[in-house]
Number of protein chains: 2
Amino acid sequence: MTQQGARSCAAQALPAARPRAQVPDATVARLPVYLRALRALADDGRTTVSSAALAAAAGVASAQLRRDLSHLGSYGTRGVGYEVQELVLHISRELGLGRRWPVVLVGVGNLGLALAGYAGFDERGFTIDALLDVDETRIGQHVGDQVVRHVDELEDVVRSFGVCIGVIATPGTAAQDVCDRMVGAGVRSILNFAPVVLRVPPQVDVRKVDLSNELQILSFREHRKTGLHLVDGSGADGPPAGTVPA
Amino acid sequence: MTQQGARSCAAQALPAARPRAQVPDATVARLPVYLRALRALADDGRTTVSSAALAAAAGVASAQLRRDLSHLGSYGTRGVGYEVQELVLHISRELGLGRRWPVVLVGVGNLGLALAGYAGFDERGFTIDALLDVDETRIGQHVGDQVVRHVDELEDVVRSFGVCIGVIATPGTAAQDVCDRMVGAGVRSILNFAPVVLRVPPQVDVRKVDLSNELQILSFREHRKTGLHLVDGSGADGPPAGTVPA
DNA sequence: CCGACTTTGTGCATCTGTGCACAAGCGCGT
DNA sequence: ACGCGCTTGTGCACAGATGCACAAAGTCGG
C-alpha cells in the first residue's frame with residue numbers, strides 16, 4: 001500500500017461470508033502500471049505480448065501478472081499471449097477510464113501548479129476543471145486554460161460537474177477543512193497531498209501521497225543497509241548498541 | 001504498499017531460515033505517520049499518549065499500532081501509555097533520522113520546483129543539496145538558496161556528498177538514463193516521480209510515486225461504487241442503494 | 001499495603017497476497 | 001489430421017499482515 005494509501009471503506013462490518021467477486025486491492029494498484037506498459041508496447045508496434053514480456057516491462061513476476069489479469073476475465077490466448085489493444089481496452093474499462101473524470105484541485109501553491117500542469121492526467125481522461133485557493137493574490141491568475149477561483153465556489157463547482165474527484169494540495173492546516181467541504185458537496189474520492197490524516201465518512205475514499213513519508217522510508221532502508229554489518233546472524237538479536245551520532 | 005512502492009531487495013536469495021529480527025515493511029511504511037502524529041501531540045503539550053489515542057490520530061487500529069511499536073522494542077508503560085518525546089526519539093532513530101540526508105534532485109520542471117520548495121523535507125533532515133537539469137535555459141537559475149546546475153555534474157556532486165538520496169523528477173524518457181548515472185555514481189536510494197519502471201541492480205532501492213496511477217486507482221473505486229447496483233450480492237452485503245445523482 | 005482500574009504486549013486465528021508448478025488449451029508445422 | 005511446443009490459467013502451499021482477546025504489568029486511591 002504503497003502502499004502507501006489509505007483505505008476507508010474496508011472491513012467495516014459484515015465479518016461473515018461474502019461472494020468475493022471483486023478485484024483485489026493489490027491488483028488494482030498494479031493495473032495502471034500494466035496499462036502504461038501496454039501503451040508503450042502498442043507505440044512500438046507490438047500487437048501481442050506474453051505474460052513474461054509484459055511482466056518484465058511492468059517490473060513484476062509473470063505469475064503475478066497472469067493472476068491479476070485473470071481477476072478481470074480470461075482475455076489471453078494460450079500459446080500466443082495477450083492482444084495488446086484488447087487488453088488496453090479491458091483494463092481501461094475495468095479502471096473506469098474511457099470517460100472524462102472532472103478533477104477539482106484546491107491549493108494552487110508550488111505543488112498545485114505542478115499538478116495542474118502535469119501532462120499525465122489528460123492522457124487518462126482526467127481533466128482539471130477547477131483551480132481553487134483562498135489566497136487573494138492567486139485568485140484570477142491564469143494557469144493553463146483555467147483561472148484560479150475562490151474556494152468558496154467549491155460547492156457550486158462540484159454541483160455543476162456532478163461526480164468528480166477532489167485533489168487537496170493545501171498546507172496541512174487547511175486540509176481537513178477543505179476535505180469537509182468537499183464531502184459536504186458530494187465528493188466521494190479524494191487524493192490528498194497534505195501531510196495530515198483526513199477524517200471522512202466511510203463511503204468516501206481517500207488516498208494519501210506524502211512526499212516526506214516516502215523519503216523517510218528510503219532513509220530507513222539506507223540506514224538499515226549502512227548499519228547491516230553490526231547485526232550478526234548468530235542466534236538472538238543482541239541490541240546492536242547503536243552509536244547515536246547526533 | 002501502496003503502496004504502492006517498489007521493493008527491489010526483497011526475496012532475492014536466501015530462501016532458508018533467517019534470524020528475522022527486522023522491522024516488517026508494512027510497519028516501516030507507517031512509522032512516518034506515527035512520527036507526524038506524535039509531533040503534533042507534542043506541539044499540543046501532551047507528554048504521554050495511549051495507543052488508542054495515537055492510533056486514532058494516525059488513522060489505524062490500536063492493536064496494530066501496539067504491534068508496530070513492539071517491533072522496535074517495548075517503550076510503553078502499562079497503565080499509562082507512551083511518553084511522547086521518548087517515542088519520537090526512538091522512531092526517529094529507527095528511521096535513520098537525526099542526521100542530515102543530502103538529496104540530489106534531477107529535473108527542475110514544475111514538479112521539481114515544487115519538491116525543491118517543499119517545507120516538509122528540511123524538518124526531517126532532508127536537505128536538497130543539488131538541483132540538476134539538462135535544459136540550458138534553467139541552468140544558472142536560483143531556486144531557494146540553490147543554483148540549478150548541469151546534470152553532467154551529477155557524479156561530482158554525489159561524490160562530494162557521499163551517501164545520499166536521489167530524486168528523479170524528469171520526463172519519463174530521461175528517467176532511466178538519469179537513474180543509471182545515479183547508480184553509477186554510487187546512489188543506492190532513489191525516489192522516482194517519472195512514469196516509468198526503473199531497472200536497477202538489486203542493492204539499489206527505488207520507490208515510485210506516480211500521480212496518474214493514484215488518480216486511476218480512485219477512478220476504479222468510484223467506478224465500482226457507481227456501478228455497484230449491477231452486481232447482485234445475492235447472499236449478504238446489500239448495497240446501500242446509493243442514489244446516483246448525476 | 002492492597003485492590004481495582006488502566007493499558008501494554010502478544011498468542012492465536014483469519015485473511016490477503018505471492019510464487020511454484022502443472023494441467024488445459026491453442027497454434028503451427030508437417 | 002495430428003502431434004509438438006508454447007503460453008495461459010489456476011490449485012496449492014507458504015509467507016506476511018491484521019484484528020481479537022486476554023494475561024502481564026503498571027498506576028492510583030484508600
Side-chain angles (χ1 to χ4, degrees), chain A residues 1-8 10-31 34 47-56 58-84 86-87 90, chain B residues 1-7 10-18 20-31 34 47-56 58-84 86-87 90:
Chain A
M1 249 307 113
T2 160
Q3 336 296 2
Q4 64 214 63
R7 301 163 209 166
S8 61
Q12 199 77 15
L14 49 140
R18 184 114 80 100
R20 191 67 264 213
Q22 299 185 43
V23 181
D25 282 356
T27 294
V28 174
R30 282 185 292 266
L31 288 182
Y34 300 156
T47 59
T48 63
V49 65
S50 71
S51 65
L54 181 54
V60 301
S62 65
Q64 178 136 72
L65 174 75
R66 289 199 299 276
R67 187 176 298 278
D68 283 341
L69 295 185
S70 77
H71 283 127
L72 24 134
S74 294
Y75 298 124
T77 307
R78 296 172 190 234
V80 177
Y82 301 89
E83 198 169 347
V84 174
E86 188 188 352
L87 204 48
H90 280 121
Chain B
M1 77 69 199
T2 239
Q3 349 282 34
Q4 38 211 158
R7 303 162 205 167
Q12 199 77 17
L14 48 141
R18 188 115 79 100
R20 190 67 263 211
Q22 300 185 43
V23 180
D25 281 358
T27 294
V28 173
R30 282 186 292 266
L31 288 182
Y34 300 157
T47 59
T48 63
V49 64
S50 71
S51 65
L54 181 53
V60 300
S62 65
Q64 178 139 73
L65 174 77
R66 288 199 300 275
R67 188 177 297 278
D68 283 340
L69 295 184
S70 78
H71 282 127
L72 24 135
S74 294
Y75 298 124
T77 307
R78 296 173 190 231
V80 177
Y82 301 89
E83 197 168 347
V84 174
E86 188 188 353
L87 203 48
H90 280 121

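Note: hydrogens, waters and symmetry copies are ignored here, and every other heavy atom, side chains too, is used. Residue numbers begin at 1 in each chain, while the letters A, B, ... track the order of the sequences.
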- Task: Mind listing the closest non-hydrogen atom pair of Tyr34(A) and Ala58(A) along with its distance?
- Result: CD2-CB, 3.7 Å
- Do Leu54(A) and Leu87(A) have side chains that get closer than 4.5 Å, going by heavy atoms? yes
- Can you sort out the partners of Arg67(B) under side chain to side chain contact (heavy atoms under 4.5 Å, CB included), two or more places apart, ordered by chain and number? Ser70(B), His71(B)
- Message: Taking atom types as they are modelled, would you say the side chain of Arg67(A) forms a donor-acceptor pair with the base of dG9(D) within the 3.5 Å cutoff?
- Response: no
- Query: In terms of side-chain heavy atoms of Ser50(B), which of dT10(C), dT7(C), dG9(D) is nearest?
  - Reply: dT7(C)
- Tyr82(B) side chain near dG9(C) phosphate (N/O to OP1/OP2, under 4.0 Å): yes
- Does OP1 or OP2 of dT18(D) have a side-chain N or O of Arg30(B) closer than 4.0 Å? yes
- side chain to side chain donor-acceptor pair (under 3.5 Å) involving Ser50(B) - partner list, sequence neighbours excluded: none
- Query: Within the pair Ser51(B) and dT8(C), is there a side-chain N or O less than 4.0 Å away from OP1 or OP2?
  - Reply: yes
- Would you say the side chain of Thr77(A) lies within less than 4.5 Å of the side chain of Thr48(A), judging by non-hydrogen atoms? no
- Item | Integer-rounded Å distance: dA17(D) C1' and Gln22(B) CD | 16 Å
- Task: List for me each residue that meets side chain to side chain contact (heavy atoms under 4.5 Å, CB included) alongside Ala26(A), sequence neighbours excluded, and say none if there are none.
- Result: Arg30(A)
- What is the distance from CD of Gln64(B) to P of dC15(C), rounded to the nearest Å? 17 Å
- Note on the structure: Taken to the nearest whole Å, CG/Leu31(B) to P/dA17(D) is 13 Å
- Item | Integer-rounded Å distance: dG9(D) C1' and Leu65(A) CG | 12 Å
- Query: Over how many whole Å does the gap from Leu87(A) atom CG to dT7(D) atom P extend?
  - Reply: 16 Å
- Quick tally for nucleotides 25-30 of chain C: nucleotides whose base has a protein heavy atom under 4.0 Å get B, sugar-phosphate-only ones S, the rest -, giving BBS---
- Message: From CZ of Arg66(B) over to P of dA17(D), roughly how many Å is that when rounded to an integer?
- Response: 19 Å
- Message: Counting C-beta onward and ignoring hydrogens, is there a side-chain heavy-atom pair between Leu31(B) and Leu72(B) closer than 4.5 Å?
- Response: yes
- Item | Bend angle of the helix from dC1(C)-dG30(D) to dT30(C)-dA1(D), from helix axes over five pairs at each end, nearest 10° | 0°
- Query: Taking the side chain as C-beta and beyond, is there a heavy-atom pair between Tyr75(A) and Leu69(A) under 4.5 Å?
  - Reply: no
- How many Å lie between NE2 on His90(B) and P on dT8(C), as a whole number? 16 Å
- Protein-nucleotide distance (Leu72(A), atom CG; dG9(D), atom P), rounded to Å: 10 Å
- Message: Minimum heavy-atom separation for Ser62(A) and Ala52(A), please, with both atom names.
- Response: CB-CA, 3.9 Å
